[in-house]
Amino acid sequence: MTAETPGTPDEPTGAVPPPPAPQYETPQYQAPQGEYPPPPPAPGYGAPQGAYPPPPPAPGYGAPGYASPQGAYPPPAYGVQPPLTDSDQRMWSVFAHIGGVFVSFLVPLVILLVFKGRGAFVEDQAKEALNFQITLAIAYVVGGLTAILIIGLFILLAAGICSFVFAIMAAIASNRGELYRYPLTLRLVS
């Protein structure tokens, strides 16, 4: 027999081991069933709760269901310009002829482009003035190149006088409603 020392793990002591520590569960909160419905998700910022629904979009101008007010103007037709009156055609024809004296072919060209298709008379006279100014521009270039010779000075002088005199004659004829034709003019624009 050997001497036993109590408390060593190899030998039984006869004591009862302590019971394991009790396992406690953490209680979980559970909502009572059937009393309240779950809350709706939080709305975004600015969304009103219980407000009126948004109004339907207003019909556009000219849309079905849109009634225009009484006495309103009809919608404008873009791209279609009304024809010029006879007095307007004569006025713009005079400007085409006189404008060429001061700024060469720019005025008849602008008038031709702006009023093209809006009046046969103004279109014809703007083309005539444009052709005359192009012819004069050619004469000025030739006169400038030959200015070293004496003949160039005469060409420049004659071109300047013709520009002034024929433009006035054309303006007077256009104001009366007559189709004017410049003499000695190249018809490059038709």
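These figures come from a predicted structure and were not determined experimentally.
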Show me, pair by pair, the donor-acceptor contacts under 3.5 angstrom made by side chains of residues 111-119, not counting sequence neighbours?
| residue | atom | partner | partner atom | Å |
| --- | --- | --- | --- | --- |
| Arg118 | NE | Pro82 | O | 2.9 |
| Arg118 | NH2 | Pro82 | O | 3.1 |

**Message:** Under 4.5 Å between side-chain heavy atoms, counting indirect links through other Ile/Leu/Val/Met/Phe/Trp/Tyr residues: same cluster for Leu153 and Leu157 or not?
**Reply:** no

**Complete:** To the nearest 0.5 Å, atom OG of Ser174 lies from atom CD of Gln125 at 4.0 Å

**Interatomic distance, Leu184 atom CG to Cys162 atom SG [nearest 0.5 angstrom]** = 7.5 Å

**Message:** Could you measure the distance from the CD1 atom of Ile98 to the OG atom of Ser93? Nearest 0.5 Å is fine.
**Reply:** 11.5 Å

**Complete:** Between Ala129 and Ala96 the two heavy atoms that sit nearest each other are CB-O, 3.7 Å

**Message:** Let me check something: do Tyr180 and Met91 share a hydrophobic cluster, defined by ILVMFWY side-chain heavy atoms less than 4.5 Å apart, either directly or through other members?
**Reply:** no

**Message:** For the CG atom of Leu136 and the CZ atom of Phe105, what is their distance to the nearest 0.5 Å?
**Reply:** 12.0 Å

**Prompt:** Given side chains that start at C-beta, do those of Lys127 and Ser190 come closer than 4.5 Å, heavy atoms only?
**Reply:** no

**Request:** Test side chain to side chain contact (heavy atoms under 4.5 Å, CB included) on Leu179 and Phe121 and set out the steps.
**Result:** CA-CA 8 Å; Leu179 294 174; Phe121 182 76; 3.5 Å; yes

**Item:** Stepwise side chain to side chain contact (heavy atoms under 4.5 Å, CB included) check, Ser87 with Trp92
**Value:** CA-CA 9 Å; Ser87 63; Trp92 287 110; over 6 Å; no

**Message:** Rounded at 0.5 Å granularity, tell me how far CG in Leu156 sits from CD1 in Ile161.
**Reply:** 11.5 Å

**Fill in**
The ring pair (Phe, Tyr, Trp, His ring centres under 6.0 Å) partner of His97 among Phe164, Phe166, Tyr182, Phe132 is Tyr182

**Item:** Shared hydrophobic cluster for Leu106 and Tyr140 (ILVMFWY, side-chain gaps under 4.5 Å)
**Value:** no

**Request:** Carefully, step by step, assess Asp86 and Gln89 under the rule side chain to side chain contact (heavy atoms under 4.5 Å, CB included).
**Result:** CA-CA 5 Å; Asp86 289 340; Gln89 289 189 52; 4.2 Å; yes

**Item:** Separation between CD of Gln133 and CD of Glu128, rounded to the nearest 0.5 Å
**Value:** 11.0 Å

